[in-house]
Amino acid sequence: MPLLLAGCVAPPPDHWTRLVIAHSLAAIAPERALLNLTRGIMAGLAHFTIQGIRLTLPGNSFSGRLAQALESGRYENTEASALLKHLRPGDRFVDFGAGIGFLCALAARVVGEDQVTGVEAGDPTIDLARNTLDQNGFPGVRLIHGAVVGAPRPGDVVEFGQRGNFWSSGLKKGEDWVRGTEVIEVPALAAEPLLARLAPTVLSCDIEGAELAVLAVDMPASLRLIITEIHPGSYGPEGTRRIFDALSRQGFAYEPDGSRGATVVFRRIDSV
């Protein structure tokens, strides 16, 4: 049962306890202010501010590791750090797997909203992304609904697994869907023609294992930098090697500045 507090609805007690702890830690640890982390619960919504970007999410849309990342201010921290190291005015930014629009909002602060495009497959998630962009003053960021795939699919649709924790949603892995997954059909967006049309200079790609096929396509000449989260648990070290080899053949090299853990940056060698 949710808690009723002065007419407001809060998440279940275990989650509320985490919120109280997060606020207490912020009060006794001034360094947390560097993350600009704030929390509030009103009408069943959770409010965060991370790196100056305001996020508002339904209290039932996150839990577990996702909740911890949001509450600590570490949500998409490595991707955001890499992006801010390399993105510069004049770039065109595309985010495959835009989620709730956090990276798109960060990018729009640097390059302007008209130079940012996010692609997201989840129906409720893309609505959250639009809300993030609107409330941060970037209504002009373009959002495209669909799942990016390596090759065209019959009927231009693909099955997508929508889960309660939005960052666990994705295309099918293995033989069966994970229990509790809502399977929906979404537009299938073949990566190569989509990239050719959008002509990004910087690409972020976090699509829960589908990067194995997507990063194997021919990249547009405009693209100078790729920031991707790899998922060796989905395709093993052999798959990781295939990603590196495919990008190497197109002139991309591993860029240590911004790479950390599963977040890997690739820079085109002849780019400046």
Side-chain angles (χ1 to χ4, degrees), residues 35-62 66 69-70 73 75-77 79-148 160 162 165-167 169-170 184 186-189 191 193-207 220 222-223 225-227 229:
L35 299 171
N36 295 319
L37 177 63
T38 63
R39 295 301 312 268
I41 299 293
M42 295 183 65
L45 299 177
H47 304 275
F48 308 84
T49 301
I50 303 175
Q51 297 204 38
I53 301 300
R54 297 186 300 278
L55 305 171
T56 300
L57 304 173
N60 62 357
S61 68
F62 59 92
L66 176 54
L70 288 163
Y75 175 68
E76 294 195 341
N77 184 54
E79 295 94 330
S81 177
L83 180 64
L84 295 177
K85 283 177 182 290
H86 293 285
L87 194 68
R88 59 200 186 206
D91 274 324
R92 290 183 302 278
F93 176 70
V94 171
D95 190 5
F96 285 173
I100 58 174
F102 176 61
L103 292 183
C104 285
L106 282 179
R109 288 200 314 207
V110 177
V111 302
E113 59 185 345
D114 57 337
Q115 299 300 315
V116 177
T117 301
V119 183
E120 173 55 44
D123 286 330
T125 312
I126 199 168
D127 291 338
L128 294 174
R130 175 50 63 198
N131 182 63
T132 295
L133 294 164
D134 288 351
Q135 73 173 323
N136 285 281
F138 305 121
V141 169
R142 175 169 45 180
L143 291 177
I144 299 173
H145 179 227
V148 184
F160 182 81
Q162 185 73 53
N165 259 3
F166 58 82
W167 76 353
S169 301
I184 59 175
V186 301
L189 306 173
L194 180 62
L195 286 168
R197 176 163 61 91
L198 298 176
T201 59
V202 176
L203 171 68
S204 174
C205 183
D206 184 1
I207 47 179
S222 61
L223 190 61
L225 194 86
I226 299 171
I227 302 167
E229 183 172 323

Exercise for the section: Check whether any side-chain heavy atom of Leu189 lies under 4.5 Å from a side-chain heavy atom of Ile144, and answer yes or no. Expected result: yes

Completion exercise
Residues Leu223 and Leu225: closest non-hydrogen pair is CD1-O, 3.5 Å

Exercise for the section: Using a 4.5 Å cut-off on heavy atoms from C-beta on, say whether the side chain of Asn136 contacts that of Arg109. Expected result: no

Problem - Spacing of Phe96 atom CZ and Leu103 atom CG [to the nearest 0.5 Å] - result: 14.0 Å

Handout entry: Check against side-chain contact (heavy atoms from CB on, under 4.5 Å), Leu143 and Leu133
Key = CA-CA 10 Å; Leu143 291 177; Leu133 294 164; 4.0 Å; yes

Problem - Shortest non-hydrogen separation from Leu106 to Ala80 and the atoms involved - result: CD1-CB, 3.5 Å

Practice task
Go through the steps for Ile227 and Cys205 under the test side-chain contact (heavy atoms from CB on, under 4.5 Å), then give the verdict.
Solution key: CA-CA 6 Å; Ile227 302 167; Cys205 183; over 6 Å; no

Practice task
Verify, without hydrogens or angle tests, whether Gln51 (side chain) and Ile53 (backbone) share a donor-acceptor contact under 3.5 angstrom.
Solution key: no

Completion exercise
In terms of heavy-atom contacts, Ala191 and Val148 come closest through CB-CG1, 3.7 Å

Practice task
May I ask you to decide if Ala121's main-chain N or O and His145's side chain share a donor-acceptor pair within less than 3.5 Å?
Solution key: yes

Exercise for the section: Of all the heavy-atom pairs spanning Gly73 and Ile50, show the shortest one and how long it is. Expected result: O-CG2, 3.5 Å

Fill in the blank from the handout: Which of Phe138, Tyr75, Phe48 passes ring pair (Phe, Tyr, Trp, His ring centres under 6.0 Å) with Phe102? Answer is Tyr75

Handout entry: Evaluation steps, side-chain contact (heavy atoms from CB on, under 4.5 Å), between Phe93 and Leu83
Key = CA-CA 10 Å; Phe93 176 70; Leu83 180 64; 3.6 Å; yes

Exercise for the section: Could you give me the CA-CA distance, side-chain angles and deciding distance for Leu57 and Leu45, then say whether side-chain contact (heavy atoms from CB on, under 4.5 Å) is met? Expected result: CA-CA 6 Å; Leu57 304 173; Leu45 299 177; over 6 Å; no

Exercise for the section: Look at the side chain of Glu120 and the backbone N and O of Gly99, then say whether any donor-acceptor pair between them is shorter than 3.5 Å. Expected result: yes

Exercise for the section: Mind listing the closest non-hydrogen atom pair of Thr132 and Arg54 along with its distance? Expected result: CG2-O, 3.9 Å

In residues 194-202, what donor-acceptor pairs under 3.5 Å come from side-chain atoms, sequence neighbours left out?
unit_1: Thr201; atom_1: OG1; unit_2: Asp91; atom_2: OD1; d: 2.6
unit_1: Thr201; atom_1: OG1; unit_2: Arg92; atom_2: N; d: 2.9
unit_1: Thr201; atom_1: OG1; unit_2: Arg92; atom_2: O; d: 3.3

Problem - Minimum heavy-atom distance between Asp95 and Ser204, given as atom pair plus value - result: OD1-OG, 3.4 Å

Problem - Heavy-atom donor-acceptor pair, Ser81 side chain to Asn77 backbone, under 3.5 Å - result: no

